[in-house]
Chemist: 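Questions regarding the structure given below will be posed in turn.
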Amino acid sequence: MHQLCTGYGLKKMKNVSKYTKGYYLPPESEKYNNWVKRTTIDKAPTWCSVDLRDGNQSLIVPMTLQEKLDFFNFLVKIGFKEIEVGFPAASETEYEFCRALIEKNLIPDDVAIQVLTQSREHIIRKTFDALRGAKNAIVHFYNSTSVVQREQVFKKSKDEITNIAVTGATLIKQLANEYEGNFRFEYSPESFTGTEPEYGLEICNAVLEILEPTPDNKVIINLPATVEVSLPHVFANQVEYMCANLHKRENVVVSLHAHNDRGCAVAATELGLLAGADRVEGTLFGNGERTGNTDIITVALNMYSQGVEPGLDFSNISEVVDIYERVTDLDVHARHPYSGELVFAAFSGSHQDAIAKGMAHREKLLETNSSCVWNVPYLPIDPSDVGRKYDSDVIRVNSQSGKGGIGHILERYGYNLPPEMRESVGYAIKDLSDKENKELSPDDVLTAFLEMFKNVKKKIRLKKAKYYEDPEKRYNSDLQIEDLETNIIHTISGSGVGYLDAICNALKKHLNIEFDVGFQMQTSMKDAGAKSQAIAYVEIIDKDGNGHWGMGLRTNTTNANATAVVSAINRSGLI
């Protein structure tokens with residue numbers, strides 16, 4: 001008897017005891033969990049792309065000036081109104097890119113560029129030099145506030161750290177009045193998640209006192225999870241605490257900037273929005289240092305899947321993937337949410353069957369209700385809404401696939417197989433995929449189906465046929481059958497209660513075989529020249545009870561039936 005696994009004796013990590021929680025809960029944290037009562041994000045935040053700064057600095061080879069410009073224009077195209085374009089004081093390329101955008105008038109009037117600067121005087125002054133003449137610019141300054149940064153890196157007290165922020169805020173406010181341009185302000189207590197929330201609040205409020213936000217000139221307080229050190233709900237508590245206690249909250253835009261060290265940046269961002277945040281900084285596909293940033297595409301399309309307009313246009317997701325991969329030299333994972341090549345792909349037979357039936361159900365509903373909601377098994381959104389094709393991107397065929405999906409692909413080409421035939425076709429196509437050890441495209445599926453079932457000519461071929469009804473109301477067939485091994489043409493005849501019966505009787509007598517017709521269905525389709533062609537699907541049952549399917553495609557129904565029977569005989573092994 002096998003013993004049940006109880007967990008004893010499992011492999012263990014050696015050094016778990018040296019780790020402990022690296023986060024800090026706000027005082028009276030139980031007061032700051034009202035976000036739990038909210039079940040949905042009901043409106044889109046302000047989005048700020050940091051692809052050209054966070055994303056760019058994380059690349060092995062940073063973008064060229066032209067690549068940055070191409071990416072900037074694309075970010076504008078998909079709807080971003082705030083774009084962080086770089087750290088102008090960090091390099092000449094960053095500085096020149098900022099100047100090029102301004103001097104060449106490349107920034108739309110409704111778009112604000114954002115630049116990053118440390119809260120240090122010479123860096124702030126260089127930043128304003130880069131921004132002179134900007135129509136709309138956000139000066140984003142920061143300094144580290146976490147316990148580990150204060151104690152280990154800067155070796156400064158809280159008061160000294162606060163003084164860095166306040167001094168920077170004072171200089172930024174002064175230079176904004178001295179330089180030509182329209183400036184807004186953003187402050188980040190870097191490593192906010194590793195900072196005591198009450199101290200994070202204290203330093204942000206000190207900055208707000210200097211910057212004096214107003215209804216017409218709001219200040220952005222950005223709360224960065226520079227290193228993700230907790231479960232997402234802890235971040236939500238911290239955000240709600242800040243939202244509840246920031247000075248002049250009505251004049252403050254609370255922004256989130258989550259990194260993905262624990263793989264939870266999207267979840268942390270969503271919970272932070274439930275907790276009251278107004279704005280999200282992130283990147284396309286989450287590209288950023290270490291494990292990356294919040295993936296704005298995922299957050300936006302998560303909202304879209306719940307019926308909330310995200311305010312960003314991802315209706316051609318393949319185009320987004322293409323430009324991202326070109327300028328970053330990174331690959332989008334095949335299973336990346338919404339964007340990956342395989343995220344809508346169903347290889348499993350049961351999944352394919354459910355999707356095909358769900359789509360058929362929806363098409364029926366649309367006949368009477370053009371506004372029915374999307375509710376298809378296994379597909380949280382309609383793939384076509386992001387530019388994906390249903391047949392090639394959703395129903396994917398390999399050895400794990402099923403009859404439902406394969407039948408659905410063939411239906412899109414005009415071959416509406418009877419349900420009784422789909423299993424036989426499904427096994428044949430799956431066996432082919434298994435033998436060739438590859439996925440089959442929709443065109444591959446069609447080609448294989450036609451080769452295996454349509455007008456099959458292995459041993460015999462129908463050359464000509466004539467049908468007539470005699471005075472005794474019996475149906476008759478005169479057939480010319482070519483033996484493909486000898487090339488001899490035989491003229492044979494048969495009669496029966498119908499033309500299909502007459503055809504089968506002629507063939508059984510000539511070939512000396514026994515079978516019954518198990519199933520027959522006929523339909524029609526338009527060919528490329530818009531002419532109607534008859535399709536017949538016929539199953540013959542041999543004396544051992546085995547079924548064999550054939551399909552005939554001819555210009556008239558009777559010939560299509562005859563050809564389908566010949567195809568089934570050729571496939572059966574009876575001759």
Side-chain angles (χ1 to χ4, degrees), residues 410 413-418 420-422 424-425 428-429 446-470 473-529 531-544 546-575:
L410 293 173
Y413 286 101
Y415 297 96
N416 190 5
L417 306 186
E420 295 83 354
M421 186 180 182
R422 291 193 176 200
S424 178
V425 173
I429 301 294
L446 175 64
T447 299
F449 166 69
L450 296 178
E451 288 178 353
M452 292 178 185
F453 293 90
K454 173 198 165 191
N455 300 358
V456 178
K457 304 162 188 170
K458 289 184 177 179
K459 297 290 185 70
I460 60 173
R461 176 165 72 102
L462 178 66
K463 291 274 291 179
K464 290 183 180 181
K466 178 182 176 182
Y467 312 100
Y468 57 94
E469 189 177 351
D470 64 23
K473 302 297 183 182
R474 288 191 53 87
Y475 294 86
N476 298 277
S477 65
D478 293 336
L479 310 176
Q480 285 189 1
I481 299 295
E482 181 180 4
D483 185 325
L484 296 177
E485 292 182 354
T486 64
N487 295 323
I488 297 174
I489 297 174
H490 302 272
T491 300
I492 64 175
S493 300
S495 61
V497 295
Y499 287 130
L500 180 60
D501 191 34
I503 292 165
C504 291
N505 287 336
L507 289 165
K508 285 190 282 188
K509 181 179 178 181
H510 171 65
L511 298 170
N512 193 28
I513 58 175
E514 290 295 327
F515 64 84
D516 295 315
V517 174
F519 185 91
Q520 184 273 340
M521 186 181 90
Q522 58 199 41
T523 183
S524 63
M525 69 181 295
K526 299 287 187 182
D527 64 14
K531 294 180 180 178
S532 182
Q533 288 191 301
I535 304 176
Y537 303 102
V538 175
E539 179 192 32
I540 63 172
I541 308 294
D542 65 27
K543 63 181 180 180
D544 295 322
N546 300 311
H548 309 280
W549 285 90
M551 184 187 83
L553 182 65
R554 302 297 286 265
T555 56
N556 67 69
T557 299
T558 308
N559 278 346
N561 276 304
T563 305
V565 173
V566 170
S567 295
I569 291 171
N570 276 320
R571 296 189 69 252
S572 69
L574 292 173
I575 57 175

Chemist: Closest approach of Gly494 and Ala506, non-hydrogen atoms and distance?
Modeler: N-CB, 3.6 Å
Chemist: Shortest non-hydrogen contact from Ser495 to Arg474?
Modeler: OG-NH2, 3.1 Å
Chemist: With sequence neighbours excluded, tell me which residues meet side-chain hydrogen bond (donor to acceptor under 3.5 Å, both in side chains) with Asn455.
Modeler: none
Chemist: Considering the options Leu507, Asn570, Val517, Leu462, which one meets the side-chain contact (heavy atoms from CB on, under 4.5 Å) requirement together with Val565?
Modeler: Leu507
Chemist: Which heavy atom of Ala502 sits nearest a heavy atom of Ser477, and at what distance?
Modeler: O-OG, 3.3 Å
Chemist: Before giving the answer on side chain to side chain contact (heavy atoms under 4.5 Å, CB included), spell out for Leu574 and Asp542 the whole-Å C-alpha distance, their side-chain angles and the decisive distance to 0.1 Å.
Modeler: CA-CA 8 Å; Leu574 292 173; Asp542 65 27; 3.9 Å; yes
Chemist: Could you work out, with side-chain hydrogen bond (donor to acceptor under 3.5 Å, both in side chains) as the rule, every residue matching Glu451, not counting sequence neighbours?
Modeler: none
Chemist: Applying side chain to side chain contact (heavy atoms under 4.5 Å, CB included), can you list everything that pairs with Lys509, at least two apart in sequence or on another chain?
Modeler: none
Chemist: Applying side-chain hydrogen bond (donor to acceptor under 3.5 Å, both in side chains), can you list everything that pairs with Asp470, at least two apart in sequence or on another chain?
Modeler: Asn476
Chemist: Scan for side chain to side chain donor-acceptor pair (under 3.5 Å) pairs involving residues 550-566, sequence neighbours excluded, and state none if there are none.
Modeler: Tyr467-Asn559, Gln520-Asn561, Gln522-Asn561, Arg554-Thr563
Chemist: Taking atom CD of Gln533 and atom OG1 of Thr523, what is their separation to the nearest 0.5 Å?
Modeler: 12.0 Å
Chemist: Would you say the side chain of Ile489 lies within less than 4.5 Å of the side chain of Ile481, judging by non-hydrogen atoms?
Modeler: no
Chemist: For Asn487, is the CG atom crowded, meaning more than 12 foreign heavy atoms sit under 6.0 Å from it?
Modeler: yes
Chemist: Sequence neighbours excluded, which residues qualify as ring pair (Phe, Tyr, Trp, His ring centres under 6.0 Å) partners of Tyr468?
Modeler: none
Chemist: With sequence neighbours left out, write down each residue that passes salt bridge (charged side-chain N to carboxylate O under 4.0 Å, His left out) with Arg461, or none if nothing qualifies.
Modeler: Glu482
Chemist: Identify, with sequence neighbours excluded, every residue that meets side chain to side chain contact (heavy atoms under 4.5 Å, CB included) alongside Thr491.
Modeler: Gln480
Chemist: Calculate, to the nearest 0.5 Å, the distance between atoms CD1 and OG belonging to Ile503 and Ser493 respectively.
Modeler: 12.0 Å
Chemist: List the atom of Ala560, the atom of Ala534, and the distance in Å for their closest heavy-atom pair.
Modeler: CB-O, 3.7 Å
Chemist: Which is it for Ile460 and Leu511 under the side chain to side chain contact (heavy atoms under 4.5 Å, CB included) test, yes or no, and what are the steps along the way?
Modeler: CA-CA 10 Å; Ile460 60 173; Leu511 298 170; 3.8 Å; yes
Chemist: Report yes or no: does Asp483 contribute a side-chain atom to a donor-acceptor pair with the main-chain N or O of Glu485 at less than 3.5 Å?
Modeler: yes
Chemist: Of all residues at least two apart in sequence or in a different chain, which pass the side chain to side chain contact (heavy atoms under 4.5 Å, CB included) check with Met421?
Modeler: Leu417, Pro418, Val425, Phe449, Phe453, Tyr537, Trp549
Chemist: Classify the ring geometry of His490 against His510: parallel below 30°, tilted from 30° to 60°, perpendicular beyond 60°.
Modeler: tilted
Chemist: Please step through side chain to side chain contact (heavy atoms under 4.5 Å, CB included) for the pair Met551 and Ile535, ending with a clear verdict.
Modeler: CA-CA 7 Å; Met551 184 187 83; Ile535 304 176; 3.9 Å; yes
Chemist: With Asn505, which residues qualify under side chain to side chain contact (heavy atoms under 4.5 Å, CB included), at least two apart?
Modeler: Asp501, Lys508
Chemist: Using salt bridge (charged side-chain N to carboxylate O under 4.0 Å, His left out) as the criterion, list what pairs up with Glu539, not counting sequence neighbours.
Modeler: none
Chemist: How many angstroms lie between atom CD1 of Ile540 and atom OG of Ser572, to the nearest 0.5 angstrom?
Modeler: 4.5 Å
Chemist: Before you tell me yes or no, could you show the steps for Asn546 and His548 under side chain to side chain contact (heavy atoms under 4.5 Å, CB included), namely the whole-Å CA-CA distance, both residues' side-chain angles and the distance that decides it to 0.1 Å?
Modeler: CA-CA 7 Å; Asn546 300 311; His548 309 280; 3.8 Å; yes
Chemist: With sequence neighbours left out, what residues match Arg571 under side-chain hydrogen bond (donor to acceptor under 3.5 Å, both in side chains)?
Modeler: none
